[in-house]
Amino acid sequence: MIHGTYDVIVVGAGHAGCEAAHAAATLGSTVLLVTMNMEAVAKMSCNPAMGGVAKGQIVREIDALGGMSGIISDRSAIQFRMLNRSKGAAMWSPRTQNDRMQFSTLWRNTIEQNQNISLFQDMVSSLIIEKDKVVGVKTAMGFSFSSKSVVLTSGTFMNGVIHIGRNQFGGGRMAEKASTGITEQLVALGFDSGRMKTGTPPRIDGRTLDYSKMEEQKGDENPACFSYLTQEKLTTQRSCHITYTNPAVHDVLRKGFGDSPMFNGTIKSIGPRYCPSVEDKINRFAERDRHQIFVEPEGWDTVEIYVNGFSTSLPADIQIEALQLVPGFENVKFFRPGYAIEYDYFAPTQLNLNLETKGIENLFFAGQINGTTGYEEAASQGLMAGVNAHNKINEKDPFILSRAEAYIGVLIDDLINKGTEEPYRMFTSRAEYRILLRQDNADHRLTAKGFDLGLASQERYDQYIKKEKQLQELTKYINETSIPPSEINPVLVEKNTAVIIRNIS
């Protein structure tokens, strides 16, 4: 029995799923967003932050196209920093520290306010496929929904297994069950799947920390925003703090190596190279006597702290013993230990550039199912998959960004043409056109494209046109204006430097 018919079904309501649903629905498709837990829409499963090096550029690109990640990041921000200001403008990267609960609530409100989106809570156990074309989904409770296309954004949930020391149990996230069925179905249809691993640090009680022993890390004095739309900027910010591990911490961590799933063979899949666990760091970089730890608050009104830099799957007692030797953590209490998680992904070389699978028509993949890591990478793929799912069923051309147009274009091109055997993370070094792909010109590069699609609003487009006009006027003024010696020489003399003898542009 069919319980509903939609243009697009999005499976999973993480960062990829929410952007996919929002994009397709904004373009006019009727969308069903199916999630295993409606209380965890767009949940920040790992760190409570958005952006960073290259990732911040992606959030700005999502925003320029008409996506929501930038706006929601701004509205839930508790701190804003522009990273890499000491380097060239192409390296400047915006980052927000966010209130985890606000972020999720704002995304759910956004989804609920879109009249074209319906929500349903259940696990999708299989796809309905007819003649190599997806036509709907079936859920674990026995519901069936038909659709013209499906966007699969499974995150870390497909056959997810959580590891803490020698303990392991099924789960897509702590306290949330794994999803099953889809991997087996797709493999039977000829798809190649693999396993990847990621991890997360302990969550701790901030009331048990001694911040006087740490370095305070404040937000920018004049904080900016992600979104190009006019936003209220932060007037109050919460500080993060920095502390360090030490040889005593490392000695305790090494005691747990025999029980570590990373080292005893329990975990066989590959984790993110550029975000290693703390045990991996002290093993690979044994010559270093300390590693940085960022102490990050989880929100405005909570004492929960995210221990960035201490991702681990070591036994819980080892985690506690080691952290108590970190300056400022002597009396630390845990909310929950860190853990590693293994999950299924599919080689992204099995996709077309519009993120549609080559094997099954109208089936799109976005996010960690494609082997990426990070909210920002996932959200950008979700937006592109949502747009292309809508375009495909409406017989419109696919929307594809080139490597010269956006970091999003670099990301998807890398995945489709190079594939990945480890969790893919975006870096500025991956983009050969990075000098042009700055965080401050994403609107110049992409807003007209988003408006032409129907995703970027009239308000957003009008603001972009106003800015472009102002830039043209300023450029014209600079090109046509020169300064005579009489106006500038008094200043040059005062500065004890050479005077000019003719007009200077």
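Sorted by first and then second residue, the side chain to side chain donor-acceptor pair (under 3.5 Å) pairs with a member in residues 253-270 read R166-D259, D251-R254, K255-E321, N264-T266, S269-E342; sequence neighbours excluded. Contacts classified as salt bridge (Lys or Arg N to Asp or Glu O under 4.0 Å) and involving residues 327-340 (residues at least two apart or in different chains) are given here: K213-E330. Applying the side chain to side chain donor-acceptor pair (under 3.5 Å) test to residues at least two apart or on different chains, the pairs with a partner in residues 130-142 are D122-T139.
Nearest heavy atoms, N246 versus L325: ND2-O, 3.0 Å. When every heavy atom of Q79 is checked against every heavy atom of S239, the shortest pair comes out as NE2-CA, 3.7 Å. Pairing each heavy atom of A16 with each of A366, the nearest pair is CB-O, 4.0 Å. The two residues T428 and M91 have their closest heavy-atom pair at OG1-SD, 3.4 Å.
Distance alone, capped at 3.5 Å, is enough to place a donor-acceptor pair between the T357 side chain and the I360 backbone. At distances below 3.5 Å, not a single donor-acceptor pair connects side-chain atoms of S104 with backbone N or O atoms of M101. Although no hydrogens or angles enter the test, the distance criterion places a donor-acceptor pair under 3.5 Å between the side chain of E377 and the main chain of M426. Checking side-chain atoms of E356 against main-chain N and O of N362 turns up a donor-acceptor pair under 3.5 Å. Panel note: side chain N388, backbone M384; a donor-acceptor pair is recorded below 3.5 Å. With N352 contributing its side chain and L355 its backbone, the two residues share no donor-acceptor pair below 3.5 Å.
No hydrogens or angles considered: nothing links the side chains of N331 and T208 as a donor-acceptor pair under 3.5 Å. Side chain to side chain, E376 and S69 fail the donor-acceptor criterion of an N or O pair below 3.5 Å. Inspection of the Q57 and S93 side chains reveals an N or O donor paired with an N or O acceptor under 3.5 Å. When only modelled atom types and interatomic distance are considered, D344 and T183 share a side-chain donor-acceptor pair under 3.5 Å. Between the side chains of Y424 and D414, at least one donor-acceptor pair of N or O atoms lies under 3.5 Å.
In this structure, the side chains of S149 and I9 stay at 4.5 Å or more apart for every pair of heavy atoms. Under the 4.5 Å side-chain criterion, counting only non-hydrogen atoms from C-beta, Q368 is not in contact with Y345.
A side chain to side chain donor-acceptor pair (under 3.5 Å) with T245 holds for exactly one of R288, H291, H250; it is H250. Of the listed residues (V150, L32, L33, T153), just one forms a side chain to side chain contact (heavy atoms under 4.5 Å, CB included) with V11, and that residue is V150. For the side chain to side chain contact (heavy atoms under 4.5 Å, CB included) criterion with Q319, the lone passing option out of S313, P202, P201 is P202.
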As a quick check of understanding, evaluate salt bridge (charged side-chain N to carboxylate O under 4.0 Å, His left out) for K55 and E61, giving each step before the final call. CA-CA 10 Å; K55 293 168 174 280; E61 291 175 354; over 6 Å; no
Can you list the steps and then say if N47 with N308 is a side-chain hydrogen bond (donor to acceptor under 3.5 Å, both in side chains)? CA-CA 7 Å; N47 62 322; N308 195 339; over 6 Å; no
Give the C-alpha distance, both sets of side-chain angles, the deciding distance and a yes or no for ring pair (Phe, Tyr, Trp, His ring centres under 6.0 Å) between F399 and H390. CA-CA 10 Å; F399 178 58; H390 170 85; over 10 Å; no
After noting the C-alpha distance and the side-chain angles of N370 and T372, does the key distance pass the side-chain hydrogen bond (donor to acceptor under 3.5 Å, both in side chains) rule? CA-CA 6 Å; N370 290 335; T372 59; over 6 Å; no
I'd like to know whether N98 forms a side-chain hydrogen bond (donor to acceptor under 3.5 Å, both in side chains) with S76, so could you lay out the CA-CA distance, the side-chain angles of the two residues, the decisive distance to 0.1 Å, and finally the verdict. CA-CA 5 Å; N98 294 87; S76 62; 3.0 Å; yes
Before you tell me yes or no, could you show the steps for R290 and Q292 under side-chain hydrogen bond (donor to acceptor under 3.5 Å, both in side chains), namely the whole-Å CA-CA distance, both residues' side-chain angles and the distance that decides it to 0.1 Å? CA-CA 7 Å; R290 71 174 193 171; Q292 201 168 44; over 6 Å; no
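Here the OG1-CG distance, from T302 to D99, works out to 8.0 Å after rounding to the nearest 0.5 Å. A distance of 10.0 Å separates CD1 in I369 from CD in Q381, rounded to the nearest 0.5 Å. Atom CZ of R60 sits about 14.0 Å away from atom CG of L65, to the nearest 0.5 Å.
In this structure, F226 and F80 have perpendicular ring planes: the angle between them is above 60°, well past the 30° mark. Ring orientation note: the planes of F365 and F346 are tilted relative to one another, at an angle of 30° to 60°. Using the six-membered ring where Trp is involved, Y274 and F427 have ring planes that are perpendicular, over 60° apart on the 30 and 60° scheme.
F145 has its ring centre less than 6.0 Å from the ring centre of F120.
Residues K418 and D413 are not paired through a salt bridge, judged by the lack of any N-O separation under 4.0 Å between the basic side chain and the carboxylate.
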